[in-house]
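Data first, discussion second: the structure below is written as structure tokens.
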Amino acid sequence: MTAPPDMSTGRLPIEQPLDLAASLHSGQAHRWTRDSDAGGDGNGPWHWGVIHGRLIKIRPNGPGELEFRASPSTAPDEMTSILESYFRLDDDIQSILQEVAGDPQVATMVDRHRGLRLLRIDPWECLISFICSANSNIPRIHSNMESMAGNLGGPLSLDGEVRYLFPTPQRLAEAGEGALRSLGLGFRAPYVAKTARIVADGHLDLESLRNMPYLGAKACLEDLPGVGPKIADCVLLHSLDKLEAFPIDVWVRRALAEWYFPGQKPPPNRVMLEWALEHFGPYAGYAELYLFHGRRLEKK
DNA sequence: TTCTGCCCTTGGCA
DNA sequence: ATGCCAAGGGCAG
């Protein structure tokens, strides 16, 4: 006889707009997959991910509720609070949307993608995923993340599916540049290995950045190999509650140049960032989420 | 200070 | 199929 599975199930009432598919597959997080079949009951497919050390699958259950299954099991209300944190249901989303919708471009995109939510990702996993994003593309980033997990993280199972924990800083540091190159990281391998060593040795406490001001936390991140202004902003926005962080990648740069600097030579990124913070305000990162991740969703 | 070329490979697309 | 090239930056010079 097999032992009973160690798992939790539950439902989470949602009183805010939350589009699971848009939020989980918009390029913020890099470890979510979704079932190819929609289940046939009108609730949409299950989305599978690993958060807070657990393999979880989640889907809408009607308009105002999420349904989830997770393993290993949690205390009765723990998974609820994990999900509320992950989807940032503690944000005052109405106030934030009202604020950023002061810009007409943003207002249009908020209107079209109201259920798109910023995620609160684990800082370590977030940091490595965005170091891997340099001069890369989303399918490849996903592949890199799954390769690291599958080779260096521990297994988790749920409903017959097996996924893997994202490796700890110690594990990635021990693996080293060579192993990471063999996993397909290319020139990013030494960045990941060195950053892992720094974090594993306790020279940077990522969680402590959550309580620091935006610029100070950004400076700490930029000290890491493979982390410049753009990737620092990604980590700050998507994992460390710095809602004013505004990552400027090539696509954001092109669009901002076209929309807000027509017929001009666009300013260098450092100046463009200052402009964005001034123009979009304290929730600039939320503005970017709707402008650009929403735009990507429309192209697919 | 600002700007250029290079870095590993993989996907995406003629 | 095959070849080309851009790809969600960072870094050194």
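The basis for the numbers below is simple: all heavy atoms, side chains too, and nothing from hydrogens, waters or symmetry mates. Just so we're clear, the structure is a prediction, and the values are computed from it rather than from any experiment. Sequence lines set the chain letters: A, B, ... in the order given, protein chains first and strands last, and positions in each chain run from 1.
- Going from atom CD1 of A:I131 over to atom P of B:dC8 covers 16 Å, rounded to whole Å.
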Begin with the C-alpha distance, continue with both residues' side-chain angles, and end with the deciding distance and a verdict on ring-ring contact (aromatic ring centres under 6.0 Å, His included) for A:H30 and A:F130.
CA-CA 9 Å; A:H30 294 95; A:F130 282 104; 5.3 Å; yes
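- The separation between A:M145 atom CE and C:dG8 atom C1' is 14 Å, rounded to whole Å.
- Nucleotides C:dC11 and B:dT10 place their P atoms 23 Å apart, quoted to the nearest Å.
- Nucleic acid contact for A:F130: base, since at least one base atom lies under 4.0 Å from a heavy atom of the residue.
- By the 4.0 Å N-to-carboxylate-O rule, A:D122 lies too far from A:R31 to be salt-bridged with it.
- Counting heavy atoms from C-beta on, the side chains of A:F166 and A:L152 never come closer than 4.5 Å.
- Under 4.0 angstrom from either OP1 or OP2 of C:dA7 there lies at least one side-chain N or O belonging to A:R254.
- Side chains of A:Y164 and A:N151: a donor-acceptor N/O pair is absent below 3.5 angstrom, by distance only.
- Judged purely by distance below 3.5 Å, without hydrogens or angles, the side chains of A:D241 and A:Y214 never pair a donor atom with an acceptor atom.
- The side chain of A:W251 lies closest to C:dG8, out of B:dT10, B:dG12, C:dG8.
- Between C:dG3 and B:dC8, the two P atoms lie 23 Å apart (nearest whole Å).
- A:R120 has a carboxylate O that lies under 4.0 Å from a charged side-chain N of A:D90, or vice versa, which qualifies the two as a salt bridge.
- Looking at A:R163 and A:E146, a side-chain N of the basic residue comes within less than 4.0 Å of a carboxylate O on the acidic one, giving a salt bridge.
- Rounded to an integer number of Å, the gap from A:F187 CZ to C:dG9 P is 9 Å.
- Rounded to whole Å, the distance from CD on A:E288 to P on C:dG8 is 14 Å.
- Each of A:N135 and A:S143 lies near DNA chain B, and the nucleotide nearest A:N135 is the one positioned closer to the 5' end.
- When rounded to the nearest whole Å, the span between CG of A:L180 and P of B:dC7 equals 20 Å.
- In this structure, A:R253 reaches neither bases nor backbone, as no heavy-atom distance under 4.0 Å exists between it and the strands shown.
- In this structure, a donor-acceptor pair under 3.5 Å is present between the side chains of A:H279 and A:D103.
- Between the side chains of A:D6 and A:S71, not a single donor N or O lies within less than 3.5 Å of an accepting N or O.
- With distances taken from any side-chain atom of A:P268 to the nucleotides B:dC3, B:dT10, C:dG9, the minimum falls on B:dC3.
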Canonical and wobble pairing (Watson-Crick, G-U, under 3.5 Å) of DNA chain B, dot-bracket with |:
..|||||.||||||
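- Heavy-atom distances under 4.0 Å link DNA chain C to A:L224, A:P225, A:G226, A:V227, A:G228, A:P229, A:K230, A:I231 of residues 217-233 of chain A, given in residue order.
- The residue A:I138 sits close to a base: some heavy atom pair falls under 4.0 Å.
- With hydrogens and angles ignored, a donor-acceptor pair closer than 3.5 Å exists between the side chain of A:R188 and the base of B:dC8.
- Whole-Å rounding puts the A:L237 CG to C:dG8 P distance at 18 Å.
- Distance CG (A:N137) to P (C:dG9): 11 Å, rounded to an integer number of Å.
- By the side-chain hydrogen bond (donor to acceptor under 3.5 Å, both in side chains) test, A:R69 is found to be paired with A:D159, residues two or more places apart in sequence or in another chain being considered.
- We find that CD1 of A:I248 is positioned 16 Å from C1' of C:dG10, with the value rounded to whole Å.
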